[in-house]
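Below is one structure, written out as structure tokens; the observations come after it.
We count ligands from 1, going down the list as the structure has it; atoms in each ligand are counted the same way.
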Amino acid sequence: MLTGTGITKSYGSTPALRGVDITVGEGEIVAITGPSGCGKSTLLHCLAGILRADQGSITYRDQDLTLWSEAARSRLRRTDFGVLFQFGQLVPELTAAENVALPLLLAGSGRREAREAAVGWLDRFGVADLADKRPGAMSGGQQQRCAAARALVTEPKVIFADEPTGALDQLNGEQVLAAMVQVVREQGSAVVLVTHEAPIAAYADREIVLRDGALDPSGLGVGS
Ligand code: ADP
Ligand code: ADP
């Protein structure tokens, strides 16, 4: 459903990606792993249409996203894609339920309907009791559960997650990811998951290993 071919990207004279091919199937969870600085985040940002690749094509459901305008890609990120980063970037002034409801309100849902859906999603991540708390009153793991609920509330077709458990200890990280994988399996979303942690990569269906901006031909991942 999502295919990157020959993705190449430099920051000034620093090459970050040198012709990377990647495919993500419908409902598939693909981990992108490899050492720090190998290009994982850059690849994820290119696939999600947040960064423009210098060369190569990115095809989503038979459409070449590299030919789309920024406005069209931005719209696609709201409708079909969801993003989740290391720090969930919850809005500190809003409660958990308000944070999770936000994407629905932006998509035109009514307040009551959005609130009910948000609490339902918080419940799926085991944090419905925190619905009226602000992020500052929650632990890192609780915040990341809320951020995951917010990333999933619009039921995107593809979730892009960049080290979503990177700020958590191992136990919390695995719990958050396990909850996310369960929810994602239920609704059939695909996930592109950047991680450098073997226990996290183990949740993926498939692992793609980068070294110095290219696919590692040995394919030996962090868990190998
Ligand atoms: P990873 O996610 O695997 O740590 P990144 O994609 O963040 O790797 O980075 C790949 C390479 O590109 C690294 O050499 C990094 O220093 C460089 N890089 C990443 N982002 C930028 C940026 N905004 N400006 C300059 N160089 C960058
Ligand atoms: P991660 O690999 O977890 O994404 P990084 O520390 O590589 O974390 O990158 C964090 C942010 O800093 C990203 O937005 C990335 O683009 C930027 N960045 C990474 N390396 C560089 C660099 N050499 N120069 C400027 N910005 C960078």
_Best match, Gly37, Ser10, Gly213, Cys46: closest heavy atom to atom 1 (P) of ligand 1_ =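 The residue whose heavy atom sits nearest atom 1 (P) of ligand 1 is Gly37.
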*Of Gly39, Gly12, Ser13, Pro15, which has the heavy atom at the shortest distance from atom 8 (O) of ligand 1?*
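Shortest heavy-atom distance from atom 8 (O) of ligand 1: Gly39.
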*Out of Leu2, Thr5, Thr3, which one pairs with Thr23 under the side chain to side chain contact (heavy atoms under 4.5 Å, CB included) rule?*
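Passing option: Thr3.
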*Geometric N/O contact Thr14 with ligand 1, under 3.5 angstrom*: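 Between Thr14 and ligand 1 (N or O atoms, distance only) the closest approach is not under 3.5 Å.
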*Please confirm whether Ala16 comes within less than 3.5 Å of ligand 1 when only nitrogen or oxygen atoms on both sides are compared.*
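Ala16 vs ligand 1: no N/O contact under 3.5 Å.
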_With the threshold set at under 4.0 angstrom, would you say Cys38 reaches ligand 1 through any of its heavy atoms?_
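Contact present.
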*Ignoring hydrogens and angles, state whether a donor on the side chain of Tyr11 or Thr42 is under 3.5 Å from an acceptor on the partner side chain.*
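Side chains of Tyr11 and Thr42: pair found under 3.5 Å.
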*Would you please say whether a donor-acceptor pair under 3.5 Å links the side chains of Asp162 and Ser41?*
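Result is yes, a qualifying pair exists.
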*Apart from Phe87 itself, what residues make up its hydrophobic cluster when side-chain heavy atoms of I, L, V, M, F, W and Y under 4.5 Å apart count as a link, directly or indirectly?*
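The other cluster members (ILVMFWY side chains, heavy atoms under 4.5 Å, direct or chained): none.
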_Quick check on Gln187: does its CD atom have over 12 non-hydrogen neighbours (other residues, nucleotides or ligands) under 6.0 Å away?_
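Check passes, neighbour count above 12.
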Going by the order shown, which atoms of ligand 1 are within less than 4.0 Å of some heavy atom of [X]?
| X | result |
| --- | --- |
| Ser36 | 4 (O) |
| Thr42 | 5 (P), 6 (O), 9 (O) |
| Pro35 | 3 (O) |

_Restricting to ring pair (Phe, Tyr, Trp, His ring centres under 6.0 Å), what partner residues turn up for Tyr203, sequence neighbours left out?_
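Listed in chain order: nothing, the list is empty.
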